[in-house]
2 protein chains.
Amino acid sequence: MGRPPKFTREKLQTAALSIVDEQGLEALSMRALAQALGTGPMTLYSYVDSREGLDVLVVEAIIGKAVWTHPPGTGWQDDLRYVARAMWQAVRLHPNAIPIVLTRRSRTPAIFAVAESLLGPLRGAGFANVQLLAAFRAVTALIVGMAQGELTGPLALKAGESAAETIAKFEALPRDTYPGLIEAALATDRSSPEGEFDLAMSFLVRGLESQIASQGESDA
Amino acid sequence: MGRPPKFTREKLQTAALSIVDEQGLEALSMRALAQALGTGPMTLYSYVDSREGLDVLVVEAIIGKAVWTHPPGTGWQDDLRYVARAMWQAVRLHPNAIPIVLTRRSRTPAIFAVAESLLGPLRGAGFANVQLLAAFRAVTALIVGMAQGELTGPLALKAGESAAETIAKFEALPRDTYPGLIEAALATDRSSPEGEFDLAMSFLVRGLESQIASQGESDA
DNA sequence: ACCTGAACACCGTTCAAGT
DNA sequence: ACCTGAACACCGTTCAAGT
């Protein structure tokens, strides 16, 4: 005999996301989420298959909340940059969750929607087939890679370490073995995550433009 | 009174890595590693601070084994592509470990070495300062993002699903809402991870070239 | 310094039973 | 269909003791 569900999937999503936001990824457990909802751990198995399902819940909550529609742009380049930046910002809003956003495979409508809104501008630029696929992969790789690199790249701040301390640490390295690393570390002072992302995207967009242009030539 | 260590750090590294390679990330635990080494769990605390240290052990093992030196190239572009591809392949050799390679922050000599060998070609190209930092971040983001996207992007194969099944699933989507996604999914048939990575890198390298070229103009 | 076993506070999940 | 508590086989880590 049927019984109405006690919770909505959305309720679970927001509860799970706030645990991750407030207490970190490790704090998300069947038992912790159940307690946050005022129920027993086993109740959650009516909504998810296993512990993995909790991660998917969080990823969906993050991707789902982002808005991918945008004002009509002035070209595929701007459209692409706009969607990419929105996606990057949505991910960055929940830094604790980034590892699972990168890691959990999920084919949900929300993911499909953002994928399509990246693919639209790329098709508009003239990409098709294998090149469309590669361009799509490159853009998404750059977006998630930049979000993650900000937190855990070699030049990222360590927890409880100031920017000045980070720079000092790199300046103390042997200057003739790590000249590039030292220069890059010094530059972190004059740099911002937004600036770095925009620059990185502009490199890639320039490259995509150049690829399209050279194909246009060989067609003619 | 001092006692000689029972294990070397390298012994732990290889034991930890083979657990991850053979049984997956979840199988790596203090107790499992201890058992593999024929000792008790508490012994490991002589070598690592905490569970997190086990992940660092694995990441170091992967990065450390890769060879980043390369034959003298014909330009910064080739040098950059060579190192990037070597790093990408090293990561791909241990697919189970990719989530922690992306995720665990670690400032070890091995990481510094590969970072510097990416920064070298970029400096040779003419990048400096904030642009050098952004270019470095873009390249590393592309490398790790492509490695991860191959496994968990929206177009990645699901475990126990054939390529044909994947394509069929996307072809079944509404063609007017997901035209790009369907075209990209169809292209996976004619595509390979190596081809996609090389294309993605060539987009980025073209963009870096173009950036440098346009600066040269404004200097003149 | 390094090794170790017992104990503690967790964890996901199976099972069996309830509505 | 959905909810639930008890029980089981794990887990990381503290503590106290040993060399």
Side-chain angles (χ1 to χ4, degrees), chain A residues 1-60 96-97 99-100 103-106 159-160, chain B residues 1-60 96-97 99-100 103-106 159-160:
Chain A
M1 186 182 165
R3 193 200 266 207
K6 201 172 174 184
F7 307 106
T8 62
R9 197 172 161 81
E10 222 193 3
K11 258 269 187 290
L12 297 210
Q13 276 184 6
T14 60
L17 182 55
S18 64
I19 289 177
V20 171
D21 280 343
E22 289 158 24
Q23 309 176 57
L25 258 188
E26 321 75 35
L28 180 64
S29 70
M30 288 291 201
R31 298 173 122 100
L33 180 56
Q35 198 179 24
L37 293 166
T39 187
M42 290 315 299
T43 301
L44 300 180
Y45 283 86
S46 304
Y47 301 89
V48 294
D49 279 350
S50 68
R51 173 56 241 273
E52 287 253 309
L54 262 45
D55 289 342
V56 175
L57 233 38
V58 173
V59 174
E60 274 178 31
N96 290 344
I100 59 177
T103 275
R104 297 300 147 197
R105 145 197 357 265
S106 57
Chain B
M1 189 183 162
R3 195 200 265 207
K6 201 173 175 184
F7 307 106
T8 62
R9 195 171 163 82
E10 221 192 4
K11 259 261 185 297
L12 297 209
Q13 277 184 4
T14 61
L17 182 55
S18 62
I19 288 177
V20 171
D21 280 342
E22 287 157 26
Q23 310 176 55
L25 257 190
E26 320 75 36
L28 180 63
S29 71
M30 287 290 201
R31 296 171 122 102
L33 179 57
Q35 198 178 25
L37 293 166
T39 186
M42 289 316 299
T43 301
L44 300 180
Y45 285 86
S46 303
Y47 302 89
V48 294
D49 278 351
S50 70
R51 172 59 239 272
E52 288 252 309
L54 262 44
D55 290 342
V56 174
L57 234 36
V58 172
V59 175
E60 274 177 32
N96 289 345
I100 58 176
T103 274
R104 296 302 147 198
R105 148 199 349 269
S106 58

Given pairs defined as Watson-Crick or G-U wobble with both distances under 3.5 Å, what dot-bracket annotation applies to DNA chain D, with ( ) intrastrand, [ ] crossing, | other strand and . unpaired?
||.|||||...|||||.||

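Among residue pairs with one or both ends in residues 37-50 of chain A, those qualifying as side-chain hydrogen bond (donor to acceptor under 3.5 Å, both in side chains) are Thr39(A)-Thr43(A); sequence neighbours excluded. Sorted by first and then second residue, the salt bridge (charged side-chain N to carboxylate O under 4.0 Å, His left out) pairs involving residues 35-46 of chain B (not counting sequence neighbours) form an empty list.
Partners of Glu10(A) by salt bridge (Lys or Arg N to Asp or Glu O under 4.0 Å), not counting sequence neighbours: none found. Partners of Glu60(B) according to the side chain to side chain donor-acceptor pair (under 3.5 Å) rule, which considers only residues two or more places apart in sequence or in another chain, are Arg9(B), Gln13(B). With sequence neighbours left out, Arg51(B) forms a salt bridge (Lys or Arg N to Asp or Glu O under 4.0 Å) with Asp55(B).
Heavy atoms only, all atoms of each residue included: Val59(A) and Arg104(A) are closest at CG2-CB, 4.2 Å. Here the closest heavy-atom approach between residue Val58(A) and residue Ala97(A) is recorded as CG1-CB, 4.1 Å.
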Result block: side-chain N/O donor-acceptor pairs under 3.5 angstrom for residues 15-27 of chain A, not counting sequence neighbours:
residue	atom	partner	partner atom	Å
Ser18(A)	OG	Thr14(A)	O	3.3
Ser18(A)	OG	Ala15(A)	O	3.1
Asp21(A)	OD1	His94(A)	ND1	3.0
Asp21(A)	OD2	His94(A)	ND1	2.8

List, one per line, each side-chain donor-acceptor pair under 3.5 Å for residues 31-38 of chain B, sequence neighbours excluded.
none

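Here the CG-CG distance, from Leu57(B) to Leu12(B), works out to 5.5 Å after rounding to the nearest 0.5 Å.
Taking side-chain N and O atoms only, Lys6(A) has no distance below 4.0 Å to OP1 or OP2 of dA1(D). At least one side-chain nitrogen or oxygen of Thr39(A) sits closer than 4.0 Å to the OP1 or OP2 atom of dT4(D).
Residues from residues 13-23 of chain B lying near DNA chain D, meaning a heavy-atom separation below 4.0 Å, are absent.
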Going 5' to 3' through nucleotides 10-17 of chain D, assign each nucleotide B (protein heavy atom under 4.0 Å from a base atom), S (under 4.0 Å only from sugar-phosphate atoms) or - (no protein heavy atom that close).
-BBBBB--

